[in-house]
Structure formats: C-alpha cells, structure tokens
Amino acid sequence: MSARTLFEKIWDAHVVAAETADTPAILYVDLHLVHEVTSPQAFSELRERGLKLRRPDRMLATLDHSTPTLPAHADGSRPYANPEARAQVAQLEANCREFGVELHGWDSTERGIVHVIGPELGATQPGMTIVCGDSHTSTHGAFGALAFGIGTTEVGHVMATQCLLQRQPKTMAIHVDGALPPGVGAKDLILHIIGTIGVDGGTGHVLEYRGAAIEALSMDERMTICNMSIEAGARAGLIAPDETTFAWLQGRPRVPQGAAWDAAVAQWRTLKSDDGARYDREVRIDAGAVKPTVTYGTHPGMAIALDAPVPAATNAQERRALDYMQSQPGQPMQGTPVDVVFVGSCTNSRLSDLREVARVLRGRRIAEGVRMLVVPGSEAVRREAEREGLHRVFLAAGAEWRVPGCSMCIAMNGDLAQPGQLVVSTSNRNFEGRQGKGARTVLASPATAAASAIAGHIADPRAYLGAADHSREQAA
Amino acid sequence: MKPITRLHSRTAVLADENIDTDRIIPARFLTTTTREGLGQLCFHDWRYQADGSDNAAFPLNRPEARGCSILVAGRNFGCGSSREHAPWALLDYGIRAVLCSEIADIFRGNALKNGLLAIVIDEPEHRWLLRHPGIELAIDVREQYIALPDGGRIRFALEPFARHCLLHGVDQLGYLLQHEKAITHYEQQEQAA
Ligand code: SF4
C-alpha cells in the first residue's frame, strides 16, 4: 500500500461505505460525547421517530455548559443562571435515563468539561473516531484520534446509526521545528500558529501537528494545541501517538488492561504518517521564535506577541474589532489594564495549567480591583488540585476557586463579564460578547493570565516565573 | 425538509468577515431545548440596542433589507461554535440562502441539512455582490447558477449529495438507516479483529 498520512489510516479504518462522486462516505463513529446544549433536539427527534440509540455503550454524557460553578445551596439545589439552564440540565438527565446513556452528572466524581473527562477516563484512545456536538472535540486529536465537532442533526444521525455522512477532508501538516523558549507554552504556540495561518487557514482540512517541538509536549499541552485547531477553521487536529501518549493512558479506567493493553499499544504504534506520505498543504513554524502571545482583536487569528505593537486596521472589520477591543494600534497589549482574569475551559483547565498558575501566584496577591476565577476542568482535576493545595494558593492570592464547568468560556451559566470589562482568559474564543455582552476578551496562556492578575494589566509571565523559581531556590 | 429547487429574493449584505456563530446567536440563548422561535434572537446583540430598540447601524435593520431572504456575507461566515442554533435562527428570521466566498465547514454542513442554501461563490462575484446590496437574484439549485437581473449568471459548485437532498427533500437520517446491513457488517468485522 502506498504511503499514508495518520489521518488517512484512521479514516480508511472507519469507512462503512466508500465515498462516490454522488454520495459521501459513511463513516463509523467509535465514541460519541454528549452534553446538555446540543443534544436535546436530537433526543426529541429520535423519540418522535420511534428510534433507539444504536450503541449507547459508545456514548458518554456530561453536564458542563449550562451548569453553575458555584457550589450547591445548603438544601442541595444548584444556583443555575436561569430556569432554562436548570430545565436543560434536567432534560439531559431525563434523556440519559430514558435512553440508557452513561451520564456523569452532579453525583459523579468524574463530571467535568466533556473534552477534559473523555481523556481522563481513557475513553479517548488513539486511532478512534470521536464526535460531539461541540466544535472543540478537536481536543481529542492530541491522542491520535480523528475527533471533530458536529451539528445537532448529525448528533441524531450518530445516535440512531453510529455513523456520519462525510466527504473526506484535505490534510495539512504543521511542522513545528526547534524548541519553545523558556516561559513559552503550548497556548502561546497555538495562538502563534493561528495568527500565522489565519482564522480560516485550516478550512476544509485536518491538521497534523508534527516535529520536534510537538513531540516534546506533554499530553496536556498537546490537548491545548489540538483544542484550538477549530479556531483556524480546521475540521480536526491530530498528533501521532507516542510513548508520552501511552504512558499517560496506561491504567485509566476505560483503556484495555494486561495483554490487551500490550496488543493495543502495538497497534497504536502503527498510527503515524508514513515516510513519503503526502499532505495537501504543509506549513513550517519555528518554535524558537514564539513568544508569550495574546489576542488583540475579536477572533483568535488576531494574535501577536504581547510585547509587539498592535497592527493598524487595514479594513472595516479590523477597525470594528479594534474599536470593540479598544486596542491601540502601535501599542503592545502588554500594559493594558485588566478587570477580570479567567483560568479555565477545555483549552487550559487541567492540572498542569493550574500548577502553572499556582507557580505564578504563590506568595502573591492579585491586583486591587481585579476579579479572578479559577475553574478546574473536571472533578478529577479539582480533587487533585486540592490534594496538592493549589486551591489554597489561589484563595490566598484573592482568586475564586470554583466547581468544574465551562464557566466564563461560554458565559451561559452565570459566570460572565460586564460590558466593557477586559478579560484575560485562558479559553479559546475572543468573539464579541462571548464572555458576556460587550465584554472584551484577550486570549492568553495560564501563566500570562496569572501574571496579568497580579500586575493588574497584561503582563509578561516570564518575569514572574523567573522570580518564583528564584524564591524556591532560596527556600530550599 | 421540503424540496428546494429555486429561490428568488433581493439580497441583504453583511459585509463583515468572520461573522461567527456567537454573533449569529449568542451563547446565552442556547439553553433552549427546541429548534423553534430562534429568529427573534438572531444577531441579537448586533441588531438591538441595550434598551431593546432596533440598532439602526445593523445593516439588516434598514428598510430596504427587510424581507430579503438572500444574505451576502463577508468571507468565512459561520466560523466558531458548531451550534446548529445558528442556521435554525437564520431560517426562522427569514434567511433562506447565504452567499459567500468561503463558509466555515461545520456551519455549511448544518445549514444545508436544514435547507438553508449555504453557497460558496468565487471571489470576484462575491466582491461584486457585496458592493450591490438589494439586487434581485434567482438561485437555481438544480442547474447550480445564480441569475442576475441583467441576465448574467454566477455558477456555483454544490456537493452532489447535498444538492440531491435539497432538490428531493431527502431525509439524511432515513438514508443512513437504509445502510443498516453495511453498518452491522462493519461492527461484526470490527469485533472479529
Ligand atoms: S470550555 Fe468552552 S470551548 Fe470548551 S466545551 Fe465548554 S464552552 Fe466549549
């Protein structure tokens, strides 16, 4: 067989019926993730048509988008933002009961953001096809799974048939050579990549991130990278599984055990692009040139190094974006006063992100007038962070420590910023109004977010990281 | 879905590039559990002032844009979230077609599945349409062209299966269900492997 890309290997293994000129391929789905926002209409449609779920055993549901991140009241009730949010969650609970879907609801010790818990449970595995009515399903590509977001009509298709109608997308390799400089992380890299290829640079393509700088990343960092593939317009992002992947997965609840584990790993080792495999497009990025990066406009492609001057607007849309953000052309974003700092979302709410934030915050207070929310991605992350005492660092610094959920990433659950407020956010979208009507979002890494909370304005985390290391040495 | 072969309308123009689905329908309205009634919320934060009155600066609020069911939008329309609420809201608002030189993948798929004609046209024609709001167009889905008032035609590509489904009102879930045998066969092979 001729040389194939990683994407082609996964695709080929899931074709139920091949694509023809007149019809798309029928593609089999291994794992279907479900949350409360994009599933109710699909369940209703099944009910109306008298259909059952084909493979409830291949579904996994959680509550995350509309859920409050403040703890339950004394009587056990939850502080929902509004009655509709409460009803939406109740509907998913009822749907999962009726249709027999495993739901990680309020009583689960594994509940969390859908793209955080899939990997944690080991439900996400190399070589799988994974879908969810959610564009950030691309996150799971970090494990070498073909994972992408679908609409609610397609959610119904997968529920009833475990399949999707799909035209084969194109492929694009993103080679990241060299090594990231100290104090520069995966979030900076992906913002830099989107800033380079553009917010629609990946449209119609599956991106495969490869090269020395990618291989050096931890699984958490790889998830941050793949998570934001959709922000470049891509269908999905992929990273070939390797020893880092296998070590991370081993022993998780849903992965095979014993001899079956060895067999799985042997098979997963074949999941990489062959030498000589051809991509439709290729891009090269020099990791060594990446700096702490933030956004200055109203889409994730409007990203620059935080010490670089904001570019002047070249058209009406860019003018509108700069006006909305009140960004000053010619001035760097560094130094811009900050009202709110949000650490959370499926991009940056895992344990390593929280450790990074704690590293910056330890022994310091956030600036007067700044509100900071730290929202763990899952109950497992929350447990582990509390075991390590990270929550005490956040609370001592003056930040709020919340219950897992999407929180201010989507601002439909009661966590939101006020009109005009500037939010430094570790999430993935800086669209107008995404974090509250009129709110201005600057996307940044966890370290930059933490440094900005302390400084009260957008700040370079490297100064703080350096100082923290120094004080640790002195204490030792 | 009802079959669609032709669509006649004047155009309304939203020239901004990268109009994301949060702008089409803000996330705080996604607590709905039905598909209906979202037209009131379409473009909500752009369309209304803080006090709830119409924002005169929103292009679709202009008198000449009222009743137009063909939207010509700036490049990369529908980027961002996969929410199908975006095409549901547009349809309920009265938009039946979106013409653009590039349309975000998930939005395009969602739109076509709901009978919203998400049509990609070449850049020169796109630029021309952006500069000429309010012109009368006729979209022919079968023959894949857009007729201009002067008799000119803009041809467009449409994925053949999506076109077939639009023309015949095909229920895609029904189509998938017809492949039950192949799906079962796939599952058996997978289990044997
Ligand atoms: S954290 Fe944000 S991006 Fe991630 S699933 Fe939730 S709403 Fe979507």
Side-chain angles (χ1 to χ4, degrees), chain A residues 16-17 21-24 26 28 37-38 40-41 44-45 49 51 54 65-66 81-82 84-85 87-88 91 133-135 149-154 156-157 160-163 165 167 169 199-200 203-204 230-231 233 235 299 301 315-317 320 410-412 416 419 429 431-434 437-438, chain B residues 15-23 26-35 44-46 50 74-76 79-88 102-107 109-111 113-114 159-165 171-177 179-180 182-183 185-187 190 193:
Chain A
V16 170
D22 291 334
T23 53
I26 297 179
Y28 196 79
V37 175
T38 53
Q41 297 86 354
S44 299
E45 168 129 19
R49 296 172 71 140
L51 293 167
R54 183 177 180 90
H65 283 67
S66 319
N82 50 51
E84 293 78 29
Q88 190 173 55
Q91 182 147 358
D134 195 287
S135 57
I150 55 177
T152 296
T153 298
E154 290 178 309
H157 292 178
T161 69
Q162 206 57 31
C163 289
L165 293 162
R167 287 280 176 194
V199 71
D200 54 357
T203 302
I230 179 71
E231 308 312 334
R235 286 298 275 145
H299 67 65
N315 60 35
Q317 288 90 55
R320 177 189 164 106
I410 191 157
M412 62 180 293
L416 77 172
R429 286 194 171 134
F431 298 148
E432 279 184 29
R434 172 82 177 185
K437 194 173 171 182
Chain B
D16 283 30
E17 293 179 3
N18 306 310
I19 294 176
D20 56 78
T21 53
D22 274 271
R23 268 226 252 171
R28 64 181 184 281
F29 301 126
L30 302 187
T31 48
T32 179
T33 53
T34 70
R35 301 167 187 245
H44 186 281
D45 295 350
W46 194 359
R75 195 168 55 90
N76 198 28
C79 62
S81 150
S82 60
R83 63 191 67 162
E84 202 161 313
H85 309 68
W88 296 336
E102 181 177 56
I103 301 180
D105 286 334
I106 305 179
F107 174 84
N110 285 341
K113 284 189 183 63
N114 285 276
E159 195 277 308
F161 186 72
R163 172 174 167 274
H164 171 77
C165 292
D171 162 31
Q172 295 195 11
L173 176 51
Y175 172 88
L176 268 173
L177 286 165
H179 290 76
E180 215 291 313
I183 300 169
H185 179 71
Y186 177 90
E187 284 176 335
E190 187 198 29

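What you are looking at is a predicted structure, and each value in this text was computed from that prediction instead of being measured. Below, read A as the first sequence line, B as the second, and so on, with proteins coming before strands; counting in each chain starts at 1.
- Glu17(B) contributes atom CD, which lies 5.5 Å from atom CG of Asn315(A) (distance to the nearest 0.5 angstrom).
- In this structure, chain A has heavy atoms under 4.5 Å from both the backbone and the side chain of Phe161(B).
- The two atoms that bring Ser135(A) and Ser82(B) nearest to each other are N-OG, 3.3 Å, heavy atoms only.
- Of all the listed residues (Lys437(A), Glu231(A), His299(A)), the one sharing the greatest number of non-hydrogen pairs under 4.5 Å with chain B is Lys437(A).
- Proximity to chain B (any heavy atom under 4.5 Å) is shown, for Ala81(A), by neither the backbone nor the side chain.
- Ion pairing of Arg35(B) with Glu45(A) is present here, as a side-chain N (NZ or NE/NH1/NH2) and a carboxylate O approach within less than 4.0 Å.
- At a 4.5 Å heavy-atom cutoff, the contact between His85(B) and chain A is made by side-chain atoms alone.
- When each of Gly233(A), Gly301(A), Pro24(A) is checked for heavy-atom pairs under 4.5 Å with chain B, Pro24(A) comes out on top.
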Exercise for review: Could you walk me through whether Asp45(B) and Glu432(A) pass side chain to side chain contact (heavy atoms under 4.5 Å, CB included), step by step?
Suggested key: CA-CA 9 Å; Asp45(B) 295 350; Glu432(A) 279 184 29; over 6 Å; no
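- Nearest heavy atom pair, residue Leu173(B) against residue Thr161(A), reads CD1-CG2, 4.0 Å.
- The contact between Ala160(A) and chain B is made by backbone and side chain atoms together, counting heavy-atom distances below 4.5 Å.
- Scanning all heavy atoms of the two residues, the minimum distance from Pro160(B) to Arg167(A) falls at CD-NH2, 4.0 Å.
- Summarising the geometry of Gly151(A) relative to Ile106(B), their closest heavy-atom pair is N-CG2, 4.4 Å, with the distance given to 0.1 Å.
- Remark: Arg163(B) does not engage Asp22(A) in a salt bridge, criterion side-chain N to carboxylate O under 4.0 Å.
- The minimum heavy-atom distance linking Gln88(A) with Thr32(B) is given by the pair NE2-O, 3.3 Å.
- Atom CG of Asn18(B) and atom CZ of Phe431(A) lie 8.0 Å apart (nearest 0.5 Å).
- Contacts with chain A were tallied for Thr34(B), Asp105(B), Asn110(B); Asp105(B) has the most, counting heavy-atom pairs under 4.5 Å.
- Heavy atoms closer than 4.5 Å to chain B are found in both the backbone and the side chain of Glu84(A).
- Here Thr203(A) contributes atom OG1 and Ile103(B) contributes atom CD1; the two are 11.0 Å apart, rounded to the nearest 0.5 Å.
- Thr153(A) and Glu84(B) are linked by a side-chain donor-acceptor pair at a separation below 3.5 angstrom, with hydrogens and angles left out of the test.
- Side-chain contact between Arg49(A) and Asp171(B) is present, with at least one heavy-atom pair separated by less than 4.5 Å.
- In this structure, the portions of Gln172(B) lying under 4.5 Å from any heavy atom of chain A include both its backbone and its side chain.
- Atoms CD and OG1, on Glu159(B) and Thr23(A) in that order, are 8.5 Å from each other to the nearest 0.5 Å.
- Per-residue heavy-atom pair counts under 4.5 Å with chain B were compared for Asn82(A), Leu416(A), Ile230(A), Ile26(A), and the maximum is reached by Ile26(A).
- Taking Ala104(B), Ala162(B), Ala182(B), Ser81(B) one by one and counting their heavy-atom pairs under 4.5 Å with chain A, the maximum is reached by Ser81(B).
- Only the side chain of His179(B) has a heavy atom closer than 4.5 Å to any heavy atom of chain A.
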Practice item. Test Leu177(B) against Leu51(A) for side chain to side chain contact (heavy atoms under 4.5 Å, CB included), laying out the working first. Key: CA-CA 10 Å; Leu177(B) 286 165; Leu51(A) 293 167; 4.1 Å; yes
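- For a residue to count as touching a neighbouring chain, one of its non-hydrogen atoms must lie under 4.5 Å from one of that chain's; by this rule Gln91(A) touches chain B with the side chain only.
- Going from atom CD1 of Ile183(B) over to atom SG of Cys163(A) covers 4.0 Å, rounded to the nearest 0.5 Å.
- Tyr28(A) and Glu187(B) form a side-chain donor-acceptor contact under 3.5 Å, judged by distance and modelled atom types alone.
- Only the side chain of Tyr175(B) has a heavy atom closer than 4.5 Å to any heavy atom of chain A.
- Counting heavy-atom pairs under 4.5 Å between each of Arg429(A), Arg434(A), His65(A) and chain B puts Arg429(A) at the top.
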Practice item. Give the C-alpha distance, both sets of side-chain angles, the deciding distance and a yes or no for side chain to side chain contact (heavy atoms under 4.5 Å, CB included) between Arg320(A) and Asp16(B). Key: CA-CA 9 Å; Arg320(A) 177 189 164 106; Asp16(B) 283 30; 3.1 Å; yes
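- Here Gln41(A) contributes atom CD and Thr33(B) contributes atom OG1; the two are 6.5 Å apart, rounded to the nearest 0.5 Å.
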